[in-house]
Amino acid sequence: MSSQPAAPLPQTADVPAPAAGTPVDAKNPFDLSASLYNQDLAPSKREGRTWSAYSIFTLWANDVHSLGNYAFAIGLFALGLSAGQILMALVIGAVLLFGLLNLSGFMGEKTGVPFPVMSRIAFGIRGAQIPALIRGAVAIAWFGIQTYLAAMVLKVMILALAPGASSLDESKVLGLSPLGWICFVALWFVQLVIVSYGMEMIRKYEAFAGPVILVTFAALAIWVLVEAGGSISFSNPNAAPASFLDVLGSASLWVAIYGTFVLNFCDFTRGAKSKSSIVRGNFIGIPVNMAFFGLIVIVLAGGQFKINGTIITSPSDVVANIPNTPLLLAASFSLLILTIAVNLMANFVAPTYALTNLFPKRLNFRKAALISGVIGLVILPWNLYDSPVVITYFLGGLGALLGPLFGIIMADYWLIRRAQVHVPDLYRDNPEASYFYTRGVNYRAVLALVISAAGALLLAFSPAFAAVHAFAWFIGSGLGAVVYLLVADRKQALADLDGEAIAVASHH
């Protein structure tokens, strides 16, 4: 990724003039605004795109097998879902996700633009800051939290290798021990270095990490199965049996976990070689990989229960019980590789693009990534993680808005516009341009967001709606789509024009 602050505006006139009678600047024939366009926000050229079906698959090979996902799925075993019900919930959720991610991913492949620019279609060239910053705020907090959790794994490794380092783990400085600070800053720095080389380096890291993670978890499952004597418990006898409604609720929650990804999946598919690459990568990475994930969950949870009657909360518990130190270190190192992979894709890309979109004249991807990383450090994320109020109300509240945003953006793109996008107009601060709306804001989309967000927050936090909490993402998304369809302007002229003439060589 180039370290230059902004690319010069295109200087050739391969795109039709903005509007009849509009003065055209010979130095900027496309009428592009420097406050909307730079090389990182520009569309990526089709020629040279590098994200293949394997690239998409490895995204999911890493993200599906995140420690948080394992904690969620193993928790279903603790709540009383049998092995078959867990697998059914994950497969139902996977099928739904496969469809949603294809819809979202096709948008990125067609236009070649990142999520903040994609949001301009529905919310306007200025109104797009709203969804971009909401998505970025959720991600940046979780970036810090996930880095902290990875640092705790690294700390265990260091103490296993050098027990004398325990003296550095006794006092606290701003809520973290000196050893904790060393581990956190080390992992924080590694992630900043990877991101500083841009999306292409992230793609390469994910491609490297994916097979490592799959092999590691398969090996853990085999080890537990051997320790359990070749058989496992297929249910938790200490919990009440679950109903089919519980299965559906679990499937809905599984989809909600990916509420961030279905929203900004175009950040990755803007570099996809074709729609078929997205479909094939999603199919292997979502339904197939999630079924494999479900089998690993069943073996880890049921096997450990068979061994000693306890229910683990995370694969980290299994790793901690490995009696062989070299194997324990190898497994812990794999978990570190995994956590960094998940953090980069789920929690670093979104705020980086959001900040670039906010200050395109001053920031590029590298500088925005550095700022995102610094914010993730100075918020002292371990204190956020230890605060139920912050996790539940701040991050939970922002997360509840992702469903309505998805519904509005999808309804506008697929139902109102029927996938017709005038890509150059996404970068024009011109009243005649397609996405200028009212001073750059589509207030109809904002109104739909306010109404549907109020409903989503009520569903998320009101005890009166506890029975449907598990379905909150779908209800919020549906509400956002319905309200927007009711208030949207259906009289606007639609135009479909690609952005090849203003695109940059694909480095995304």
Side-chain angles (χ1 to χ4, degrees), residues 58-75 77 142-162 165 169 176 179-180 182-191 193-195 202 205-225 227 257 285 289-290 292-301 303-304 310-348 376 381-382 385:
T58 54
L59 283 181
W60 307 127
N62 291 305
D63 192 72
V64 168
H65 294 271
S66 72
L67 297 182
N69 284 352
Y70 272 106
F72 167 78
I74 291 171
F77 183 87
W142 281 111
F143 160 73
I145 290 171
Q146 291 288 350
T147 301
Y148 161 66
L149 295 177
M152 295 304 98
V153 175
L154 179 57
K155 186 172 73 172
V156 169
M157 293 175 63
I158 291 175
L159 291 175
L161 285 172
D169 198 35
L176 204 60
L179 182 58
I182 292 170
C183 295
F184 182 90
V185 172
L187 292 177
W188 175 85
F189 180 75
V190 167
Q191 293 174 94
V193 170
I194 294 172
V195 167
I202 292 176
Y205 182 86
E206 301 295 330
F208 150 74
V212 173
I213 299 312
L214 294 177
V215 169
T216 297
F217 280 111
L220 278 179
I222 292 171
W223 183 77
V224 168
L225 191 60
E227 290 293 306
I257 288 173
N289 183 39
M290 284 186 176
F292 173 70
F293 167 82
L295 292 175
I296 299 293
V297 167
I298 291 167
V299 172
L300 292 181
Q304 189 64 40
T310 62
I311 298 175
I312 61 173
T313 59
S314 166
S316 300
D317 297 339
V318 176
V319 171
N321 289 322
I322 295 177
N324 184 290
T325 300
L327 291 179
L328 182 148
L329 292 174
S332 297
F333 186 66
S334 295
L335 295 185
L336 280 182
I337 292 174
L338 165 65
T339 303
I340 290 174
V342 173
N343 223 10
L344 290 174
M345 60 192 281
N347 300 320
F348 219 144
W382 43 90
Y385 183 71

Might you point out which heavy atoms bring [X] and [Y] nearest each other, and give the distance in Å?
X      : Y      : answer
Ser334 : Ile213 : O-CD1, 3.4 Å
Gly210 : Ala61  : CA-CB, 4.0 Å
Leu187 : Ala151 : CD1-N, 3.4 Å
Ala160 : Leu329 : CB-CD2, 4.2 Å

* **More than 12 heavy atoms from other groups under 6.0 Å of CZ on Phe292** =>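 Check passes, neighbour count above 12.
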* Check ring-ring contact (aromatic ring centres under 6.0 Å, His included) between Phe77 and all other residues, then give those that pass, not counting sequence neighbours. =>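 None.
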* To do: Please name all residues satisfying ring-ring contact (aromatic ring centres under 6.0 Å, His included) with Phe333, sequence neighbours left out, ordered by chain then number.
  =>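 For Phe333, no residue satisfies ring-ring contact (aromatic ring centres under 6.0 Å, His included) once neighbours in sequence are set aside.
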* To do: Applying side chain to side chain contact (heavy atoms under 4.5 Å, CB included), run through Ile182 and Ile158 and close with a yes or a no.
  => CA-CA 11 Å; Ile182 292 170; Ile158 291 175; 5.6 Å; no
Any heavy-atom pair between the side chains of [Y] and [X] that's under 4.5 Å?
X      : Y      : result
Val153 : Val319 : no
Leu338 : Phe217 : yes
Thr58  : Phe208 : no
Val299 : Ile222 : no
Thr339 : Leu149 : no
Asn289 : Leu214 : yes
Leu67  : Pro315 : yes
Val318 : Trp223 : yes

* Can any side-chain N or O of Asn69 pair as donor or acceptor with the backbone N or O of His65 at less than 3.5 Å? ->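 Pair absent, no side-chain N/O of Asn69 close to backbone of His65.
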* Donor-acceptor pair, Asp63 side chain versus Met345 backbone, under 3.5 Å? ->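 Between the backbone of Met345 and the side chain of Asp63 there is no qualifying donor-acceptor contact (under 3.5 Å).
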Using 0.5 Å steps for rounding, measure from the [atom1] atom of [X] to the [atom2] atom of [Y].
X      : Y      : atom1 : atom2 : answer
Leu335 : Thr216 : CG    : OG1   : 7.5 Å
Phe189 : Ile194 : CZ    : CD1   : 11.0 Å
Glu206 : Ile340 : CD    : CD1   : 10.5 Å
Ser66  : Phe293 : OG    : CZ    : 7.0 Å

* side chain to side chain contact (heavy atoms under 4.5 Å, CB included) evaluation trace for Leu159 with Leu179 -> CA-CA 10 Å; Leu159 291 175; Leu179 182 58; 3.8 Å; yes
* Any side chain to side chain donor-acceptor pair (under 3.5 Å) involving residues 145-157? Give me the pairs, sequence neighbours left out, ordered by first then second residue. =>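 Qualifying pairs, neighbours excluded: Thr147-Gln191, Thr147-Asn343, Lys155-Asp169.
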* **Working for side chain to side chain contact (heavy atoms under 4.5 Å, CB included), residues Tyr70 and Leu300** => CA-CA 10 Å; Tyr70 272 106; Leu300 292 181; 4.3 Å; yes
* Asked: Could you go step by step and tell me if Val195 and Ile202 meet the side chain to side chain contact (heavy atoms under 4.5 Å, CB included) rule?
  -> CA-CA 7 Å; Val195 167; Ile202 292 176; 4.2 Å; yes
